[in-house]
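Have a look at the structure below, then the notes.
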Protein chains: 2
Amino acid sequence: MAGDGQVAAQTALGRGKRPQRLTEVAYQEVKRRILDNEYPPGSQILEQDIAAELDLSRTPVREALVRLEQDGLLSIVPRHGARISALSAADMREIYEILIALEPTAVELIARQRLAAEQLQPLVQSCDAMERSLEGSKPDLKAWAAADESFHTGVAQLCPNRRLSAMIMTVSDQSHRARLFTLTLRPLPLRSTQEHRAVVDAMLAGDADRARELYVAHRRRGRDELMALIERHGFQRL
Amino acid sequence: MAGDGQVAAQTALGRGKRPQRLTEVAYQEVKRRILDNEYPPGSQILEQDIAAELDLSRTPVREALVRLEQDGLLSIVPRHGARISALSAADMREIYEILIALEPTAVELIARQRLAAEQLQPLVQSCDAMERSLEGSKPDLKAWAAADESFHTGVAQLCPNRRLSAMIMTVSDQSHRARLFTLTLRPLPLRSTQEHRAVVDAMLAGDADRARELYVAHRRRGRDELMALIERHGFQRL
DNA sequence: GAATGCAACAACGTATGCATTATTGCATTC
DNA sequence: GAATGCAATAATGCATACGTTGTTGCATTC
């Protein structure tokens, strides 16, 4: 083995996970590359290449690929390497259906806990950030997307059901790229911002049922908007 | 390496999967052992032992363990081997919450398809089997459990959202052992049987909303019954 | 000129070897 | 007698070697 693999290890460190095991380093790094679109959908990646780039052997890379396959981010074709998942419109619909089932449950569970306002701060701050990003003459879509993502991550993290949190994060990751692609195509997400705020208000008021309903409606609308965009622009794979 | 590994390969074959890769053999077999309680909850399993028993090397066993960890059936503790997951009452509650979110969505999707009656036959037959198992003087709980499981498997299989199907199956497997344990402790599942039938009737009638509601109610009642049993009997880990 | 077959190559699936690390047991000391 | 430290053992995490399989390209034949 030549070199030291520092670059890869540091990159993984940067994402806040403990990179004790090289398997973990490979997992975090390959996952990042997929989500950041460095490995475009439909492309094939060879475990040998990844191993060489990250300066480690094929073994931890293989393990990482197995995990990523179960995350739905790629599929391992037995003698043909790993193919990065390319999502069709139908795939996006499937993913949204699942999120519509899972996330409102998480929101309901959080609301039922009747947390103190300060504990809901992460969500409030995300809403604030969304609103700020759209103020002024030049809306900052990138900032809005970051705030939106932090909101949904916050929901998963506050959710007391850890299994549910993990599933939500996994499914969200699958739709990550599609959200990025459509971000600039959709109308200004003013309504979406309002809807997030309304959900938080219901949570603050401890109205779990209302929070759930609002969130279901929010996700349904988001899905319809996204599906319309995908069909209008004729995206086949993203 | 001695022997030929025929036993393990045949066992995996028997469960209807293609055992092309040894990784797949190891995965199916270890999973079976966990679900059949041959590896009791909380126990530790050593990859070397499994490799020796299945007559293959540690490599495919490792991959299988990684997959099983993501399935939630065990957890790999870095230098301590794999520990079979032991579910607490809180874990069972988490799992039921997720199933209550996912399965009713599947039922709704199936009902919306307005399938011909013959395509819903698997579910009808499961209901028939449940009813038959409770007729007569000596109810056959084992047969009932098998029919119940086939019903829920049928729901997952008929569901047009493949991702959703897979998630339901994975989560169901996690609660498999707990269901077995409590089977003989719960009252005769007459009501549960009726509820299944009602769901199928709603699906046959194409009433998706009603099917969903009935199913949510069914699962909620099942959860409450199970949780009460667990608490009454003071199960700590299952 | 096109198609088929063979050969070389490349990638994967699996096995095994090596070094690190954690645990356990025994001995020694307080 | 108990506690601590060291050593031996065992199991993991990772690297690498090997055999199998699928692919690609060239040559030969129809």
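As the structure is a prediction and not an experimental result, all values here were calculated from the model. Proteins get letters first, then strands, A, B, ... in listed order; numbering begins at 1 in each.
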D:dC14 phosphate, OP1 or OP2: any side-chain N/O from A:Thr59 under 4.0 angstrom?
no
Of the options C:dC12, D:dG13, C:dT14, whose atoms approach the side-chain atoms of A:Leu46 most closely?
C:dC12
If you only use heavy atoms from C-beta on, which nucleotide in C:dA11, D:dT16, D:dC14 is closest to the side chain of A:Arg58?
D:dT16
Which of these nucleotides, D:dA15, C:dC18, C:dA11, is closest to any side-chain atom of A:Leu56?
D:dA15
Hey, is B:Arg177 close enough to B:Asp36 for a salt bridge, meaning N to O under 4.0 Å?
no
Taking the nucleotide of DNA chain D with the nearest heavy atom to each, does A:Arg79 or B:Val77 sit closer to the 5' end?
B:Val77
Counting only Watson-Crick or G-U wobble pairs whose two distances fall under 3.5 Å, which nucleotide matches C:dT4?
D:dA27
Is it true that a side-chain atom of A:Thr105 and a backbone atom of B:Ala101 form a donor plus acceptor pair closer than 3.5 Å?
no
Need the pair for C:dG17. Rule: Watson-Crick or G-U wobble, both distances under 3.5 Å, any strand; none if unpaired.
D:dC14
Taking the minimum atom-to-atom distance to the side chain of B:Glu47, which one of C:dA11, D:dT12, D:dC14 wins?
D:dT12
Tell me if the centroids of the rings in A:His196 and A:His152 come within less than 6.0 Å of each other.
yes
From the set C:dT14, D:dG13, D:dC14, return the single nucleotide nearest to any side-chain atom of A:Leu22.
D:dC14
Please give, in whole Å, the distance from C:dA11 P to A:Leu65 CG?
15 Å
I want to confirm an ordering. Mapping B:Pro60 and B:His80 to their closest nucleotides on DNA chain C, which one lands closer to the 5' end?
B:Pro60
With no hydrogens and no angle check, is any side-chain donor or acceptor of A:Asp71 less than 3.5 Å from a backbone partner on A:Thr170?
no
